[in-house]
Amino acid sequence: MAQILKVAMPKGRIYTKAAELFRQAGLPIPPDGEESRKLVISLPEAGMEFILAKPVDVPTYVEYGVADIGIVGKDVLLEEERDVYELLDLGIARCRMSIIGLPNWQPGIQQRVATKYPNVASRYFREQGQQVEVVKLNGSIELAPLIGLADRIVDMVETGQTLKDNGLVEMKSIFEITSRLVANRVSYRMKNEQIQQLCDRLQAVIAEPGLQLK
Ligand SMILES: Nc1ncnc2c1ncn2[C@@H]1O[C@H](COP(=O)(O)OP(=O)(O)OP(=O)(O)O)[C@@H](O)[C@H]1O
Ligand SMILES: O=P(O)(O)OC[C@H]1O[C@H](OP(=O)(O)OP(=O)(O)O)[C@H](O)[C@@H]1O
């Protein structure tokens, strides 16, 4: 009898797209239950358990092995730098991480950058040889240049609507972002057959031409 495979799923934007991918791959997935507050959903007949987590916490659960595998945005992987094994680019929840500013931005003596991704931003500007002060915010990042907290931000851009509505411009795209399937290193060895099977099924769907999950 196979062991239970524990899957950390991010609540929010990624969930709906990941759930659709699982369905198309013929894999079990709990419904996108807005009406339920249940966070651990067992599907014993399928040999799986789903842990519904805050997206940023998925790599933590996987690194500690309380989840065997997880789905998470590349942005979070770059920021958190958890020791997990990246198995598959799912190609869903596609967006980009960009440097954004006011249209008239000029480099000043003191440069301040606001972001939800302080590690990624600090690394990026250091590599560029630019001295900037990085300020961590937790949301509505576009506010920062509008109200004078920072002269630029590092944030996600998908449709560009948020930028447009706030009169900001995308100065440079620094990373293409998609969601990834990650595994705990020990689980990957101990539950290799189950994980590989799931991976193969997802891979088959991702490889289908004309797949509309983006
Ligand atoms: N337009 C977008 N803006 C931000 N993230 C996006 C966008 N499109 C896709 N993503 C992906 O979705 C993930 C964010 O999902 P979501 O917005 O549900 O969570 P969150 O804002 O991190 O969580 P919470 O709202 O609980 O703090 C990102 O990590 C990224 O990989
Ligand atoms: O290019 P767009 O399609 O407009 O998407 C980008 C916006 O979406 C995200 O914000 P989110 O909705 O997660 O809110 P938050 O800023 O409060 O995190 C992101 O931080 C941008 O603000």
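None of the values given here were measured: they were computed from a predicted structure. Just so you know, ligand 1 is whichever comes first in the structure, and atom 1 is the first atom listed for that ligand.
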Identify, for [atom], the protein heavy atom at the shortest distance, and state residue, atom and that distance.
atom                    : answer
atom 12 (O) of ligand 2 : Arg13 NH2, 3.3 Å
atom 2 (P) of ligand 2  : Thr159 OG1, 3.3 Å
atom 4 (O) of ligand 2  : Thr162 OG1, 2.5 Å
atom 6 (C) of ligand 2  : Met156 O, 3.4 Å

Using a 3.5 Å cut-off and no angle test, enumerate the donor-acceptor pairs between side-chain atoms of residues 39-58 and protein atoms at least two apart in sequence or in another chain.
| from | atom 1 | to | atom 2 | distance (Å) |
| --- | --- | --- | --- | --- |
| Ser42 | OG | Glu49 | OE1 | 3.1 |

Using a 4.0 Å cut-off to any heavy atom of [X], which atoms of ligand 2 qualify?
X      : result
Lys116 : 18 (O)
Glu142 : 21 (C), 22 (O)
Val157 : 1 (O)
Ser140 : 15 (P), 16 (O), 17 (O)

Practice task
Would you please determine whether Lys164 falls within less than 4.0 Å of ligand 2 on a heavy-atom basis?
Solution key: no

When you check the side-chain N and O atoms of [X] and [Y], is any donor under 3.5 Å from an acceptor?
X      : Y      : result
Asn119 : Glu79  : yes
Ser187 : Arg189 : no
Gln24  : Glu20  : yes

Exercise for the section: Please indicate whether Lys6 has more than 12 foreign heavy atoms, meaning atoms of other residues, nucleotides or ligands, lying under 6.0 Å from its NZ. Expected result: no

Practice task
Taking only Lys NZ, Arg NE, NH1 and NH2, and the carboxylate oxygens of Asp or Glu, determine whether Asp151 and Arg112 approach each other closer than 4.0 Å.
Solution key: no

Exercise for the section: State whether the shortest distance between N or O atoms of Gly160 and N or O atoms of ligand 2 falls below 3.5 angstrom. Expected result: yes

Handout entry: Min N/O separation Asp155 to ligand 2 under 3.5 Å
Key = yes

Quick check against the 3.5 Å criterion: does [X] have a side-chain atom that pairs as donor or acceptor with the backbone of [Y]?
X      : Y      : value
Arg185 : Val84  : yes
Arg123 : Leu78  : yes
Asp89  : Arg180 : no

Practice task
List in chain and number order the residues that pass side chain to side chain donor-acceptor pair (under 3.5 Å) with Lys136, two or more places apart in sequence or in another chain; answer none if no residue qualifies.
Solution key: Asn138

Completion exercise
Near ligand 1 (heavy atom, under 4.0 angstrom), the protein residues are Lys11, Gly12, Arg13, Ile14, Lys54, Pro55, Gly73, Asp75, Val76, Ala93, Cys95, Lys116, Met156, Glu158, Ile177

Practice task
Identify, with sequence neighbours excluded, every residue that meets ring-ring contact (aromatic ring centres under 6.0 Å, His included) alongside Tyr188.
Solution key: Tyr85

